[in-house]
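To start, the structure itself, in structure tokens.
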Amino acid sequence: MNVRVRYGPSPTGEPHVGNIRTALFDWLLARRFGGQFIVRIEDTDQSRAVEGAEQLILDALTWLGLDWDEGPDVGGPYAPYRQSERLPMYVEAARRLIDEGKAYRCVCSPERLDALRKSQQKAKQPPGYDRRCRGLNCSPDEPHVVRLAMPLEGDTIVNDYLRGDVSFQNALLDDHVLLKRDGFPTYHLASVVDDHHMQITHVIRGEEWLSSAPRHIQTYAALGWQEPAWVHIPIIRGPDKGKLSKRHGATSIRQYAEEGYLPEALLNFLALLGWSKDETTTIMSCAEITEAFDLDGLGLSSAMFDIERLREMNARYIRDLEPSDFLRRGRPHLETRIGRTIADDDLDRLLLIAPAIQERVKLLPEFADYTDFFFTDGPLDYDNAELMGRAYRNKPWAALESVEASLKTLRSIDEADWTTPALEAALRDLAGQRGEKPGALFTPIRVAATGKRIAPPLFETLETLGRPVTVERLNAAAERLARPDD
RNA sequence: GGCCCCAUCGUCUAGAGGCCUAGGACGCCAGCCUUUCAAGCUGGUAGCACGGGUUCGAAUCCCGUUGGGGCCA
């Protein structure tokens with residue numbers, strides 16, 4: 001199967017999950033069948049253009065691992081890949097259509113169009129241009145738009161790849177604008193002209209375009225071109241059930257990156273929104289998805305974006321990371337927390353405890369919560385209530401006694417024996433001797449060592465922290481208990 | 001309002017006439033494990049929107065209703 005697909009973002013802002021999923025399906029189809037994935041910037045609406053947006057779009061694709069074969073930055077055989085740089089092609093197409101009587105200039109003023117719309121509204125008639133200029137051969141010297149002369153009767157059949165034939169009555173479609181007053185094309189013209197010239201085989205786009213597909217099909221017909229395969233994929237819905245949009249829950253890709261989602265997790269999640277491999281598989285690498293991807297696996301009903309599911313999938317991906325890889329991905333968040341950079345060697349101290357942390361972290365920034373105390377020099381920030389825990393609640397003297405016992409035990413362990421198994425054996429033994437539950441003994445140690453009630457497993461933590469720091473922090477805790485809060 | 005699309009657990013989905021006593025995943029609930037928090041393990045909860053057909057047989061095909069969504073305004 002020959003496949004050439006394009007992703008046509010408008011540089012009006014950052015891409016969000018809704019439109020990046022379209023890019024993903026484009027990319028998957030291209031990679032699966034050895035075709036080309038093309039990025040084409042659709043910047044014909046000058047008023048909505050946002051400075052720098054194009055780069056943000058490319059960055060988002062790169063972050064997700066979606067590489068492109070042709071595009072505005074890398075060029076390609078059908079360059080340029082920005083619509084604003086392809087204006088002559090649209091003008092030429094429009095001119096040809098006018099010459100052949102398939103399109104016409106329309107000099108109707110915006111005011112007239114406005115009045116027309118209002119009167120139609122009042123008369124409860126279907127809105128649309130009344131074709132007043134059709135057949136009038138308006139002068140090219142006056143300000144004008146170019147409209148397509150749509151068929152007046154009959155039906156236009158959209159052969160949608162997923163839905164089959166969808167038929168629209170031509171009588172209900174008006175003569176839409178191809179070229180605007182400023183000489184820029186509308187989406188309707190530009191996408192058709194470009195898709196044809198760029199030899200696009202499959203137009204994959206959101207279902208919201210299905211109702212304008214007949215216009216595109218008529219444009220292809222008027223130009224005498226062969227139409228591509230139409231693949232209208234279901235819309236992604238937000239929590240309010242409506243189309244996911246910037247106003248309603250659509251988060252930019254960059255934001256997901258900042259919140260600590262892994263690109264591979266987001267990719268897996270997005271692929272499963274509307275597509276499935278089989279009855280049981282949910283966790284798939286990008287390579288596995290690519291290998292299994294097929295348009296026939298796409299569903300027809302719109303899916304809701306369930307952030308909770310994404311979170312869990314992300315947690316799963318984090319757990320499955322190689323520990324050293326995990327540390328490197330978490331590092332920036334830790335550095336932000338402690339306000340300084342961490343060298344590789346220093347980071348690798350955490351290798352021992354990394355797997356335990358991976359089990360706990362759902363979003364990358366949480367990495368800092370489980371590791372910042374390893375890199376803190378001064379006194380830890382916690383209060384005595386935390387230190388005493390449930391077992392010693394309101395009993396500072398008992399807590400002090402416990403901490404001192406732990407200290408004594410820990411001091412008895414040599415630097416050379418300062419390992420997780422030895423620490424665990426010694427402290428469990430101590431709990432047994434004292435006849436108390438392990439939890440009662442361990443809680444003050446944990447808080448003293450980490451400054452937190454919720455922390456990674458204790459013994460690995462102490463080993464990683466090292467003997468001197470552990471002893472120092474327990475000493476500090478003992479002092480605090482001896483000197484009650486003011 | 002007109003046109004169009006869609007319809008399986010709360011969510012994502014499997015299912016293309018008998019393999020369905022409707023499967024999986026996330027969530028949720030319970031239990032186990034347990035040094036906090038997690039993870040893990042075991043079990044459980046929950047769905048074919050409704051009504052008509054077609055058929056020996058329908059989640060699966062057809063029609064209608066209802067509901068949701070999209071586009072145009």
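Source: prediction; values computed, not measured.
- In this structure, the CD1 atom of A:Ile233 is 18 Å from the P atom of B:C5, given to the nearest Å.
- The environment of A:Glu208 atom CD is dense: over 12 non-hydrogen atoms of other residues, nucleotides or ligands sit within 6.0 angstrom.
- Spacing of C1' atoms, B:U60 relative to B:C48, comes out at 10 Å, to the nearest Å.
- Checked by atom type and distance alone, the side chain of A:Ser285 pairs as donor or acceptor with a backbone atom of A:Glu288 at under 3.5 Å.
- Aromatic ring centres of A:Tyr261 and A:Tyr317: separated by at least 6.0 Å.
- A:Leu300 places its CG atom 15 Å from the C1' atom of B:C12, with the value rounded to the nearest Å.
- Across all strands shown, nothing is found opposite B:A39 as a Watson-Crick or G-U wobble partner with both distances under 3.5 Å.
- Annotation for A:Arg337: atom CZ counts as buried by contact number, over 12 foreign heavy atoms lying within 6.0 Å.
- Comparing the P positions of B:C26 and B:A39 gives a spacing of 11 Å, expressed to the nearest Å.
- Across all strands shown, B:U66 forms a Watson-Crick or G-U wobble pair, both distances under 3.5 Å, with B:A7.
- Using a 4.0 Å heavy-atom distance criterion, A:Gly128 is classed as making no nucleic acid contact.
- Applying the ring pair (Phe, Tyr, Trp, His ring centres under 6.0 Å) rule to pairs touching residues 150-176 of chain A yields A:His176-A:His188, sequence neighbours excluded.
- Base pairing of B:C61: its partner is B:G53, meeting the Watson-Crick or G-U wobble criterion (both donor-acceptor distances under 3.5 Å).
- Atom CG of A:Asp160 is separated from atom P of B:C3 by 20 Å (rounded to the nearest Å).
- Between the P atoms of B:U55 and B:U21, the separation comes to 23 Å (whole Å).
- The C1' atoms of B:A58 and B:A16 are separated by 12 Å, rounded to the nearest whole Å.
- For the pair A:Arg480 and A:Tyr382, the distance from NZ or CZ to the six-membered ring centre is under 6.0 Å and the angle to the ring normal is within 45 degrees.
- Residues A:Leu298 and A:Ser301 both approach RNA chain B. Their nearest nucleotides, taken by heavy-atom distance, put A:Ser301 toward the 5′ side.
- Nucleotide B:C37 holds its C1' atom 14 Å from the CD atom of A:Glu386, rounded to whole Å.
- B:G68 sits 11 Å from B:A49 when the C1' atoms are compared, rounded to a whole Å.
- Atom OH in A:Tyr317 sits about 18 Å away from atom P in B:A39, given to the nearest Å.
- Residue A:Asp165 contributes atom CG, which lies 14 Å from atom C1' of B:C5 at whole-angstrom precision.
- Relative to the ring axis of A:Phe375, A:Arg349 places its NZ or CZ within 45° and under 6.0 Å from the centre.
- The CZ-C1' distance, from A:Arg21 to B:C12, rounds to 12 Å in whole Å.
- The C1' atoms of B:C29 and B:U65 are separated by 37 Å, rounded to the nearest whole Å.
- Between the side chains of A:Gln218 and A:Thr156, at least one donor-acceptor pair of N or O atoms lies under 3.5 Å.
- The ring of A:His216 has its center closer than 6.0 angstrom to the ring center of A:Tyr187.
- Within the shown strands, B:G44 is the pairing partner of B:C28 under the Watson-Crick or G-U definition, both distances less than 3.5 Å.
- Other residues, nucleotides and ligands place more than 12 heavy atoms under 6.0 Å from the CZ atom of A:Arg434.
- Under the Watson-Crick or G-U wobble criterion, with both distances below 3.5 Å, B:C72 is paired with B:G1.
- When both pairing distances are held under 3.5 Å, B:G17 makes no Watson-Crick or G-U pair with any nucleotide shown.
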> In B/S/- notation, 5' to 3', how is nucleotides 21-36 of chain B contacted by protein heavy atoms closer than 4.0 Å?
Replying inline: --BSSSS-------BB
>> Within the 4.0 Å limit for protein heavy atoms, which parts of nucleotides 62-73 of chain B are touched? Write it as a string from 5' to 3', B for base, S for sugar-phosphate only, - for none.
In response: ------SSSS-S
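- The separation between A:Phe326 atom CZ and B:A38 atom P is 16 Å, rounded to whole Å.
- Listed here is the closest heavy atom pair of A:Thr282 and A:Asn268: O-ND2, 3.0 Å.
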